[in-house]
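Since this is a predicted model, take the numbers as computed values, not measurements.
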Amino acid sequence: MSTTGATADPLAALGELSGVAESVESVRKAVDRVYGHRVMRRRSNEITAEAALRGARGSAALSGADWALEEVRRRTDFRGDDEGRVMGAALRLTAEAGQLLSIWRQSPLRVLARLHLVAAADGNARVGRPRQDGEPVDEPLVELPLPDAAEVSGRLEGLSELIIAGSSAPALVTAAVVHGELLALRPFGSHNGLVARTAERIVLVGSGLDPKSVCPAEVGQAELGRAAYVAALEGYVSGTPEGMAAWIAHCGRAVELGARESTAVCEALQRGAA
């Protein structure tokens, strides 16, 4: 993980990059609009459930299973083909994320291992642990150079230490860094994108920015498109201030779009149309 200079709080330093403060403020306003909607006062559980479904659909779309929302609602068996298994993994991860909030700040690596176990849902010995040198990685969306096992281990430990120590950085910055770092490292043999996006969700919820989990960034990421997602990730991997700021801004825009989606759900419920 790159930072903008030596500091006791490198995540906070990222929050000072040009343009990041504007993204943070824009996200806060978008989130506040959802939480201020009158439907949220009476039916927040319904909004949370709908956001979870739409978030899972968006995350799966970025991993190659771009299904219509109604198809996700209709299906009950996700084991039949590759796309179905991706969608099933995304749904399982969304359900699991809420159970891991209390563990994240004490043991993020344990949470990541659990997320991979849930996503993979098989007994392979490689599941739930960082990959070793020579082990393949199935992540077709991300074609950036793959760090070796030693670098993966070191950077995961560094990320864990930062999370456990805490940071004064805005939640958006921390969430974007966790997401970007996991995609850059691809520490597991499979499902890295799904795990990275779920980890971002855990940070956004656990930080208090989106405590009811009604602003699914995955919806926004899917709406912005795979090409924009990969291009923004390349900025993160570059380690330049401009590239890092562009990635954080991209993640912020995704949260805003997720918030907009849930606002639309609130309005539909208010009209009695959903």
Legend entry - Donor-acceptor contact below 3.5 Å, side chain Arg110 vs main chain Ser107: no

Legend entry - Note: Glu96-Arg92 ion pair, threshold 4.0 Å (strictly below): no

Legend entry - Considering all heavy atoms, the nearest Phe78-Val72 contact: CZ-O, 4.1 Å

Inset, instruction - Look up atom CG in Leu91 and atom CG in Leu53, then write down how far apart they are to the nearest 0.5 Å. - result: 6.5 Å

Legend entry - Heavy-atom neighbours of Glu143 CD exceed 12 at 6.0 Å: no

Inset, instruction - Would you name the heavy atoms of Ala254 and Ala217 that are closest together and state the gap between them? - result: CB-O, 3.5 Å

Inset, instruction - Check the side chains of Ser26 and Glu256 for a donor-acceptor pair under 3.5 angstrom, ignoring hydrogens and angles. - result: yes

Legend entry - Working for salt bridge (charged side-chain N to carboxylate O under 4.0 Å, His left out), residues Arg197 and Glu200: CA-CA 5 Å; Arg197 291 184 287 276; Glu200 179 187 46; over 6 Å; no

Legend entry - Side chains of Leu14 and Thr174 in contact at under 4.5 Å (non-hydrogen atoms): no

Inset, instruction - Take Glu71 and Arg74 through the salt bridge (charged side-chain N to carboxylate O under 4.0 Å, His left out) test and state the conclusion after the steps. - result: CA-CA 5 Å; Glu71 175 68 6; Arg74 184 187 67 80; 2.9 Å; yes

Inset, instruction - Could you tell me whether the side chain of Glu46 and the main chain of Arg43 form a donor-acceptor pair under 3.5 Å? - result: no

Legend entry - Shared hydrophobic cluster for Leu141 and Leu146 (ILVMFWY, side-chain gaps under 4.5 Å): no

Inset, instruction - Report yes or no: does Thr94 contribute a side-chain atom to a donor-acceptor pair with the main-chain N or O of Ala90 at less than 3.5 Å? - result: yes

Legend entry - Steps toward side chain to side chain contact (heavy atoms under 4.5 Å, CB included) verdict (Phe188, Val195): CA-CA 9 Å; Phe188 302 111; Val195 168; 4.3 Å; yes

Inset, instruction - May I ask you to test the Glu181-Leu185 pair for a side-chain heavy-atom distance under 4.5 Å? - result: yes

Inset, instruction - Answer yes or no: is there a donor N or O on one side and an acceptor on the other, between the side chain of Ser207 and the main chain of Leu204, under 3.5 Å? - result: yes

Legend entry - Cationic N near anionic O, under 4.0 Å, Arg201 to Asp210: no

Inset, instruction - Would you please say whether a donor-acceptor pair under 3.5 Å links the side chains of His250 and Gln221? - result: yes

Inset, instruction - Consider only side-chain N and O atoms of Arg33 and Thr263, and report whether a donor and an acceptor are under 3.5 Å apart. - result: no

Legend entry - OH on Tyr229 to CG on Leu62, rounded to 0.5 Å: 6.0 Å

Inset, instruction - Mark yes or no for whether Ser238, through its side chain, and Gly235, through its backbone, hold a donor-acceptor pair below 3.5 Å. - result: yes

Inset, instruction - Check Arg57 against Ala222 and note the closest heavy-atom contact, atom names and distance. - result: NH2-CB, 4.2 Å

Inset, instruction - Could you tell me whether Arg38 and Glu267 have a side-chain N and a carboxylate O separated by less than 4.0 Å? - result: no

Inset, instruction - Consider only side-chain N and O atoms of Asp138 and Ser190, and report whether a donor and an acceptor are under 3.5 Å apart. - result: no

Inset, instruction - Apply the test side chain to side chain contact (heavy atoms under 4.5 Å, CB included) to residues Leu269 and Ile47: give CA-CA distance (whole Å), side-chain angles for both, the deciding distance (0.1 Å), then the verdict. - result: CA-CA 9 Å; Leu269 286 171; Ile47 306 303; 3.3 Å; yes

Inset, instruction - Please report the shortest heavy-atom distance between Asp148 and Asp133, naming the atom on each side. - result: CB-OD1, 3.5 Å

Inset, instruction - Can you measure from CD1 (Ile163) to CZ (Arg105) and round to the nearest 0.5 angstrom? - result: 8.5 Å

Legend entry - Side chain to side chain, Glu234 and Val230, heavy atoms closer than 4.5 Å: yes

Legend entry - Co-membership, hydrophobic cluster, residues Trp104 and Ile164, 4.5 Å side-chain: no

Inset, instruction - Could you please spell out the steps behind the side chain to side chain contact (heavy atoms under 4.5 Å, CB included) verdict for Val178 and Leu159? - result: CA-CA 8 Å; Val178 167; Leu159 184 64; 4.2 Å; yes

Inset, instruction - Determine, step by step, whether Leu115 and Ile202 satisfy the side chain to side chain contact (heavy atoms under 4.5 Å, CB included) criterion, reporting the C-alpha distance in whole Å, the side-chain angles of both residues, the deciding distance to 0.1 Å, and the verdict. - result: CA-CA 11 Å; Leu115 292 175; Ile202 288 172; 4.2 Å; yes

Inset, instruction - Locate the shortest heavy-atom distance separating Leu156 from Pro187; write the atom from each residue and the value. - result: CD1-CB, 3.9 Å

Legend entry - Validation row: Val219, Leu257 side chains within 4.5 angstrom (heavy atoms): no

Legend entry - Whether Ser262 side chain and Val214 backbone form a donor-acceptor pair below 3.5 Å: yes

Inset, instruction - Find out whether Leu209 and Arg28 are in side-chain contact, i.e. whether some heavy atom of one side chain is under 4.5 Å from a heavy atom of the other. - result: yes

Legend entry - Arg73/Glu70 ion pair, N-O < 4.0 Å: yes

Legend entry - Minimum heavy-atom distance between Met40 and Cys266, given as atom pair plus value: CG-SG, 4.0 Å

Inset, instruction - Examine Leu109 and Leu93 and state if one hydrophobic cluster contains both, with Ile, Leu, Val, Met, Phe, Trp and Tyr joined whenever side-chain heavy atoms are less than 4.5 Å apart. - result: yes

Inset, instruction - Before accepting this row, confirm whether a basic side-chain N of the pair Arg85/Asp81 lies closer than 4.0 Å to the acidic partner's carboxylate O. - result: no

Inset, instruction - Check whether any side-chain heavy atom of Tyr35 sits under 4.5 Å from a side-chain heavy atom of Pro211, and report yes or no. - result: yes

Inset, instruction - Determine whether Arg126 and Arg131 make a side-chain contact, defined as any pair of heavy atoms from C-beta on separated by less than 4.5 Å. - result: no

Legend entry - Shared hydrophobic cluster, Trp67 / Val86 (ILVMFWY, side-chain heavy atoms < 4.5 Å): no

Inset, instruction - Go through Glu151 and Arg155 one step at a time and tell me if the salt bridge (charged side-chain N to carboxylate O under 4.0 Å, His left out) criterion holds. - result: CA-CA 6 Å; Glu151 182 177 353; Arg155 287 170 63 175; 2.6 Å; yes

Inset, instruction - Answer with yes or no whether the hydrophobic clustering places Leu117 together with Met87; edges join I, L, V, M, F, W, Y residues whose side-chain heavy atoms lie under 4.5 Å apart. - result: no

Legend entry - Separation between CG of Leu144 and CZ of Arg186, rounded to the nearest 0.5 Å: 5.5 Å

Inset, instruction - Quick one: sort the Trp247 and His179 rings into parallel, tilted or perpendicular, breaks at 30° and 60°. - result: perpendicular

Legend entry - From Asp82 atom CG to Ser63 atom OG, the distance as rounded to the nearest 0.5 Å: 12.0 Å

Legend entry - Donor-acceptor contact below 3.5 Å, side chain Thr48 vs main chain Lys212: yes

Legend entry - Student check: side-chain heavy atoms of Ser23 and Leu172 closer than 4.5 Å: yes

Inset, instruction - Rounded to the nearest 0.5 Å, what's the gap from OG1 on Thr198 to CG on Leu100? Could you check? - result: 9.5 Å

Inset, instruction - Carefully, step by step, assess Arg253 and Glu223 under the rule salt bridge (charged side-chain N to carboxylate O under 4.0 Å, His left out). - result: CA-CA 10 Å; Arg253 181 59 181 153; Glu223 184 173 338; over 6 Å; no

